Amino acid sequence: MAVFIPAGGLALGFVLWGALKPASLASVAAGSMELISANFGWFFILATNGFLVFAIYLAMSRFGSIRLGRDGERPEFRTVSWISMMFAAGIGIGLIFYGVAEPMSHLMSPPPGTAEAGTEQAARVAMNQTFLHWGLHGWAIYAVAGLGMAYFGFRKGQGNLISSACRPVIGSRCDGPLGKLIDGMAVFATLFGVVPSLGLGAVQINSAMTSLWGIESSTSIALVIVFAMAAAMVLSAVTGVKRGVQFLANVAMVTSVILAVFVLVAGPTRHIADSMVESFGGYVTQIVPMSIRTGTFSQGEFVNGWTVAYWVWWIAWAPFVGAFIARISRGRTIKEFVWGVLLMPSGVSFVWFVIFGGSAMHAQVTGQADIAARVAESQANALFALLDQYPAAKLVTFVVMFLVALFFVSGMDAAAVVMGILSSRGALTPPRWVVVFWGVATGGAAAVLLVAGGLDAMQQAMLVMAAPFTLVMIVLCVGVMRALREEVPAGGAEAAPPAARHRDDAGVAPVVTDRDTVPHEQASTAALEPEVAR
């Protein structure tokens, strides 16, 4: 309750503020975002590069062989299942929404001084820039957060909380107000990181309805969609049908693969294959100059509007996806964990963008279709503008709408569970009413931000709320490093870790001698496996 009551009270206060004075909320969010991005963009760029370097260092260092669990403990999940579940964290609303929209946006408005808009060179720049935003840097943020939670939770037995990973730095204050503040910040980072994704989903479902049935896109329709999806999430939590939600999430993943194969076959297959090789090579050769670009002279607006906003968005999702990845990674070595988290989901994202973004840019550059005009109207139209070029466009559009709805419900459900864990002393199965509260609060926050200013207001609020959590991530890195050095001193033998412990629903941490005898822990996996939609 020490985390739940203040965090819940602030969340309700925010919803009331937006409901009663939406113009005031929009003004404050916009002003704060401009202040942060204009003055501290360099800090987020530096921090994100630091997280990537830190993750790679751990994988290649003497700490790489340390297990996220007891010595000799084998992975809880087979490698194929582990990789499949990580894919769930990389394929969601964000990839569907931006799969065409982001490459097309960069094609028509490339970073200043890089290429002429609408040209083949602009298409190459667009894919490189998109890879940067969805590749190694973002997944390094998840890897750092997940590693901290898994190491201190499964190896040190200190609870599945962000504050646990900060204990080597703040000491016993981790159990006091400072620790509660850290976990509260994680809750708010998750809340305002998830909200923009829900907004994207609502707007894209509305756009699909326009394409299918001519229903006009409007804030009112988007609000109805948000409320309907929130109701579905609450029904899931109340009736305990999480396994049903998991099934729907798995259906969504399979449907995503089918959709990608359809576009690959119906679209410019040879061009996609060529682009796959060339785009990956361009990303590898350009990753360093792109990742340290701060827009000192002519690109400041582009960097702040895209790259900095993305890094903060990834950081906002770090407690959410970090908890998910940590939960499925027990028994992995640090080396396995880092390389798996960095490379596997990034690879999936790259393939997705080459298939969808590459097909759209090819149609635009060769003059086969004017997809840019539809994107200029609304980014939510981007995917449907591409699908209109292929057979059975109406049927595929309906499938996409259904797919987004699945991601919407399961992602909102999983986010509510994680916020419940963070506000319930790290209990892997938080009380149902806590999960319902956070689901309702998430839907309410999405609704008031839609009224206050649409997606722009959502993204601005995300930046403002998640920015301070970057400092927590840095403290987490220091905490992990100190703990690892204590366990494996330079030139010394590895110290024996304390017995792995697991908190039960009441927050008690009994010693576990056999993980297969802990039924509530296995059940907790069901709470975190639903699709992590970004």
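Sequential numbering from 1 along the given sequence is applied to the chain's residues. None of these values were measured; they are calculated from a predicted model. As a basis for the values below, the full set of heavy atoms in this structure was taken, side chains included, without hydrogen atoms, waters or symmetry mates.
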Do [X] and [Y] come within less than 4.5 Å of each other through their side chains, counting heavy atoms only?
X	Y	answer
Val404	Phe97	no
Phe154	Ser329	no
Phe469	Ile162	yes
Thr442	Met419	yes
Met401	Met209	yes
Ile221	Ile205	no
Val348	Met344	no
Leu147	Leu476	no

**OP:** Kindly indicate, with the supporting measurements, whether the criterion side chain to side chain contact (heavy atoms under 4.5 Å, CB included) is fulfilled by Phe54 and Met481.
**Re:** CA-CA 9 Å; Phe54 179 67; Met481 195 71 251; 3.8 Å; yes

Show the nearest heavy-atom pair for residues [X] and [Y], with the distance to one decimal.
X	Y	value
Val341	Ala143	CG1-CB, 3.8 Å
Ile225	Asn206	CD1-N, 3.7 Å
Cys174	Ser163	SG-O, 3.0 Å
Trp139	Ser349	NE1-OG, 4.4 Å
Ala186	Pro319	O-CG, 3.6 Å
Pro168	Gly479	CG-O, 3.3 Å

With sequence neighbours excluded, what pairs up with [X] under the side-chain hydrogen bond (donor to acceptor under 3.5 Å, both in side chains) test?
X	value
Thr397	none
Ser211	none
Ser207	Asn381
Asn49	His137, Ser291

What pairs with [X] under side-chain contact (heavy atoms from CB on, under 4.5 Å), at least two apart in sequence or on another chain?
X	answer
Thr470	Phe43, Phe44, Ala47, Ile315
Glu336	Arg67, Arg332, Thr333
Val399	Thr255
Ser220	Ser218

**OP:** Decide side chain to side chain contact (heavy atoms under 4.5 Å, CB included) for Leu259 and Phe356; before the verdict, give the C-alpha distance in whole Å, the side-chain angles of both, and the deciding distance to 0.1 Å.
**Re:** CA-CA 10 Å; Leu259 179 63; Phe356 288 89; 3.8 Å; yes

Original post:
Should Trp134 and Glu102 be marked as a side chain to side chain donor-acceptor pair (under 3.5 Å) after you check the CA-CA gap, both sets of side-chain angles, and the distance that decides it?
Top reply: CA-CA 11 Å; Trp134 291 83; Glu102 180 166 351; 3.0 Å; yes

Original post:
Do Trp314 and Tyr142 have ring centroids that are under 6.0 Å from one another?
Top reply: yes

Distance in Å, [X] [atom1] paired with [Y] [atom2], rounded so as to fall on 0.5 Å steps:
X	Y	atom1	atom2	result
Thr48	Leu136	OG1	CG	12.5 Å
Leu58	Ile334	CG	CD1	6.0 Å
Leu403	Ile258	CG	CD1	10.0 Å
Ile170	Leu178	CD1	CG	4.5 Å
Phe40	Asn304	CZ	CG	12.5 Å
Trp311	Leu132	CH2	CG	4.0 Å

Original post:
Judged by atom type as modelled, is there a donor-acceptor pair below 3.5 Å linking the side chain of Trp352 to the main-chain atoms of Leu95?
Top reply: yes

Subject >> Contacts of type ring-ring contact (aromatic ring centres under 6.0 Å, His included), residue Tyr151, not counting sequence neighbours >> reply: none

Original post:
Residues in ring-ring contact (aromatic ring centres under 6.0 Å, His included) with Phe51, at least two apart?
Top reply: none

**OP:** Begin from the C-alpha positions of Tyr98 and Ser105 and carry the test side chain to side chain contact (heavy atoms under 4.5 Å, CB included) through to its verdict.
**Re:** CA-CA 10 Å; Tyr98 285 112; Ser105 296; over 6 Å; no

Original post:
Where do Val144 and Cys477 land on the side chain to side chain contact (heavy atoms under 4.5 Å, CB included) test, with the steps shown first?
Top reply: CA-CA 7 Å; Val144 167; Cys477 291; 3.4 Å; yes

Original post:
Is the shortest distance from a Lys or Arg side-chain nitrogen in Asp175 or Arg167 to a carboxylate oxygen in the other one below 4.0 Å?
Top reply: yes

Original post:
Run the side chain to side chain donor-acceptor pair (under 3.5 Å) check on Glu216 and Thr210 step by step: do they pass?
Top reply: CA-CA 6 Å; Glu216 183 180 354; Thr210 302; over 6 Å; no

Original post:
According to the interplanar angle, ranging from 0 to 90°, do the rings of Trp213 and Phe398 count as parallel (below 30°), tilted (30 to 60°) or perpendicular (above 60°)?
Top reply: perpendicular

